[in-house]
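In what follows, chains are A, B, ... by sequence order, proteins preceding strands, each numbered from 1.
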There are 2 protein chains.
Amino acid sequence: MQIGTVADKTGISAKAIRYYESIGLIAAAARTHSGYRVYGDHDVQTLRFIQRARGLGFSVGEVADLLALWRDSERRSAQVKALAANHVAEIDRKIAGLRGMRETLTYLMERCHGDDRPECPILDALGTDA
Amino acid sequence: MQIGTVADKTGISAKAIRYYESIGLIAAAARTHSGYRVYGDHDVQTLRFIQRARGLGFSVGEVADLLALWRDSERRSAQVKALAANHVAEIDRKIAGLRGMRETLTYLMERCHGDDRPECPILDALGTDA
DNA sequence: ATAGGCCTTCCAGTTACTGGAAGGTCAAGG
DNA sequence: CCTTGACCTTCCAGTAACTGGAAGGCCTAT
């Protein structure tokens, strides 16, 4: 299989696959005599794993950890769960930050006429010395 | 006032202030004969505005728009409100994405023993062909 | 022979800065 | 007068996770 086929099968771009290889997230692919990368079903599996993990918001570094655990038959599920728990905590922090912004913005927007007049509590809030 | 004083007053690092100048978000500061940047209270004001807007999650490009509106006494508040509304919509998209991830992760975590055994629904979910 | 659709590598750009190197400036202290 | 230390300056590199594009090789079909 060539990289384009793998890209189609996994939904990961060929560029990204090469990038993952370059940073060592996946092993270097075998090559044809002319230098083309060659992949097998196993590689497609791995890349699907990576894509799902990325889709859950894990960083590439965390995905590397998850992949190692996935391959380690002696792993302790507690390790995986801890990784996931950390990530959920991180997600919660982000959500909390976004909700704070959202709240402030909607509060200000409710007080902004939103018409042809220049008066605007949003700009006032950003610009005051308070 | 030198840049360090402005940094202390605004909470924006001197590095960031120079960066904002370099990208044109703020005007180039006046200089002393020896090349030091010189700022006044007005600049502190502007930088506080910038910092608050960034704190609400606006991108630097959006902050530039907000600054222009702030300075424009003929602005229509509708423009400001529209900018804010777009940003809230963006925040909502991000929150929705994060909530989806969070939901999947907690679902899987609840089913993971999290002990010394290797079985782990989290890895299973990432690795299945489904 | 050539056209097309693959593939390759390498460089640059994205966002919003931060860190660090190398060196100039300025006031205070010895 | 000289040095020390705390400022300041510019410039280059790095961050995360890729994407876009250029220049060129490979392979199949016409």
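- By the 6.0 Å and 45° rule, A/R111 stacks over the aromatic ring of A/Y107.
- The side-chain contact (heavy atoms from CB on, under 4.5 Å) test with B/P118 singles out one residue from A/R75, A/R76, A/E74, and that residue is A/R75.
- In terms of phosphate contacts, A/H33 brings a side-chain nitrogen or oxygen within less than 4.0 Å of OP1 or OP2 of D/dC27.
- Put simply, B/I17 and B/Y19 are part of the same group of oily side chains (I, L, V, M, F, W, Y) that touch within less than 4.5 Å, one to the next.
- One finds no side-chain N or O of A/R31 lying less than 4.0 angstrom from the OP1 or OP2 phosphate oxygen of D/dC26.
- For DNA chain C, the residues of residues 9-24 of chain B within the heavy-atom distance limit of 4.0 Å (strictly under) are B/S13, B/K15, B/A16, B/Y19, B/Y20, sorted by number.
- Closest contact between the side chain of A/S34 and the listed nucleotides C/dT25, D/dT10, D/dC27 involves D/dC27.
- We find that B/E21 and B/R18 are not joined by a salt bridge, their nearest charged nitrogen and carboxylate oxygen being 4.0 Å or further apart.
- Here the side chains of A/R99 and A/T104 are not in contact, with every heavy-atom distance at 4.5 Å or above.
- Within the structure, a side-chain polar atom (N or O) of A/Q2 is placed less than 4.0 Å from OP1 or OP2 of C/dC7.
- Between B/Y36 and A/T5, it is A/T5 whose nearest contact on DNA chain C lies nearer the 5' terminus.
- Summarising the geometry, the separation between CD1 on A/I50 and C1' on D/dA16 is reported as 16 Å, rounded to the nearest angstrom.
- With rounding to the nearest 0.5 Å, the separation of CG in B/L126 from CZ in A/R54 is 12.5 Å.
- A sub-4.0 Å separation between OP1 or OP2 of C/dT9 and a side-chain N or O of A/R37 is present.
- Separating the CG atom of A/D8 from the C1' atom of C/dC6 is a distance of 12 Å, rounded to the nearest angstrom.
- How far OG of A/S77 is from CG of B/L123: 9.0 Å, rounded to the nearest 0.5 Å.
- In this structure, the CZ atom of A/R54 is 10 Å from the P atom of D/dT19, given to the nearest Å.
- Rounded to whole angstrom, the span from the CE atom of A/M1 across to the P atom of C/dC6 amounts to 16 Å.
- In this structure, CD1 of B/I3 is placed 14 Å from C1' of C/dC17, rounded to the nearest angstrom.
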